[in-house]
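Counting convention: from 1, in listed order, for ligands and their atoms alike. Treat the numbers as computed from the prediction; the structure is a model and nothing was measured.
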Amino acid sequence: MSEISIRAAAADDKADWLELWQGYLTFYGSGIGRDVTETTWSRIIDPVVPVFTRLAIVDDRPVGFATCILHPRTWAIEPACYLEDLFVDDNHRGRGIGARLIDDLIAMGRRDGWTNLYWHTNSDNETARRLYDHYDKADDFVRYRLPLTP
Ligand SMILES: CC(C)(COP(=O)(O)OP(=O)(O)OC[C@H]1O[C@@H](n2cnc3c(N)ncnc32)[C@H](O)[C@@H]1OP(=O)(O)O)[C@@H](O)C(=O)NCCC(=O)NCCS
């Protein structure tokens with residue numbers, strides 16, 4: 001079986017990331033505009049913006065990604081990390097790549113002193129929840145989301 005490695009996304013990864021990103025948008029049935037995709041990519045590769053992507057690499061090709069936002073907190077001095085997007089190409093699922101992407105973030109967070117790593121998922125996303133349940137139990141918070149743009 002080919003080895004899996006995890007590394008930061010770099011400018012040269014754009015074409016591969018776009019392909020994976022498109023798969024992720026299709027999974028969610030989302031039709032966000034090209035301008036949003038371009039802006040997201042610019043943020044990912046801008047070292048000043050606290051948005052970053054870690055890529056899972058198999059046979060020298062990105063096959064999955066985790067995209068996070070590192071943000072300040074009011075209840076702690078250290079930042080927390082929000083895992084906004086996690087995706088593994090469907091030809092590579094079930095091999096532990098999603099777990100490797102999360103493990104990598106945990107290692108980064110321990111090294112850099114984040115207070116926690118957190119994420120949301122749809123309650124019926126059973127595949128994702130099976131993976132997530134290996135890490136912790138879901139908490140009992142509920143979300144309120146008010147749309148503010150037309
Ligand atoms: C959710 C998602 C990222 C999981 O990625 P993945 O690479 O398949 O995840 P993993 O392989 O690490 O874990 C999935 C299962 O494979 C198992 N697994 C882990 N390592 C394994 C290995 N070496 N060999 C076989 N199975 C393995 C995991 O234990 C888990 O199954 P189990 O709980 O029944 O044991 C992927 O399904 C995906 O991209 N889905 C669509 C997008 C999505 O839902 N994203 C999350 C939104 S919040």
Side-chain angles (χ1 to χ4, degrees), residues 1-45 49-73 79-112 114-149:
M1 194 185 286
S2 310
E3 271 199 25
I4 302 157
S5 59
I6 310 291
R7 66 164 170 79
D12 284 355
D13 295 312
K14 185 174 182 183
D16 289 322
W17 174 83
L18 267 176
E19 211 172 300
L20 293 169
W21 179 246
Q22 195 49 58
Y24 184 62
L25 297 182
T26 302
F27 173 80
Y28 273 113
S30 166
I32 60 168
R34 183 82 193 180
D35 53 338
V36 178
T37 289
E38 288 295 331
T39 301
T40 296
W41 177 251
S42 315
R43 288 176 173 155
I44 287 169
I45 56 164
V49 179
V51 175
F52 65 91
T53 289
R54 303 287 288 173
L55 294 175
I57 310 294
V58 172
D59 294 332
D60 288 330
R61 288 288 305 269
V63 299
F65 64 81
T67 296
C68 297
I69 298 158
L70 195 62
H71 64 84
R73 301 191 55 198
C81 184
Y82 172 50
L83 168 57
E84 179 144 30
D85 305 307
L86 181 73
F87 180 75
V88 173
D89 178 90
D90 52 11
N91 296 313
H92 293 270
R93 290 185 191 157
R95 293 180 50 202
I97 295 174
R100 285 285 302 273
L101 284 161
I102 294 175
D103 292 345
D104 167 73
L105 294 172
I106 293 169
M108 284 179 76
R110 289 199 172 123
R111 184 194 67 199
D112 295 347
W114 307 340
T115 57
N116 62 309
L117 170 69
Y118 68 100
W119 60 87
H120 309 125
T121 197
N122 292 326
S123 55
D124 64 356
N125 190 342
E126 284 170 21
T127 313
R129 294 194 65 184
R130 215 173 57 228
L131 169 63
Y132 301 159
D133 286 347
H134 286 293
Y135 289 90
D136 207 348
K137 286 204 302 277
D139 66 20
D140 54 5
F141 273 66
V142 291
R143 289 200 318 178
Y144 294 82
R145 294 188 79 179
L146 310 187
L148 299 178
T149 48

Shortest non-hydrogen separation from I97 to A56 and the atoms involved:
CG2-CB, 3.4 Å
List the atom of S2, the atom of R95, and the distance in Å for their closest heavy-atom pair.
O-NH2, 2.9 Å
Distance flag, aromatic centroids of F65 and H92, threshold under 6.0 Å:
no
For this output row, return yes or no: ring centroids of F87 and W21 closer than 6.0 angstrom.
no
What residues sit with at least one heavy atom under 4.0 Å from ligand 1?
F27, Y28, L86, F87, V88, R93, G94, R95, G96, I97, G98, A99, H120, T121, N125, T127, A128, R130, L131, Y132, H134
Excluding sequence neighbours, so at least two apart, what forms ring pair (Phe, Tyr, Trp, His ring centres under 6.0 Å) with W114?
none
Should we count CG of D60 as having more than 12 external heavy atoms under 6.0 Å?
no
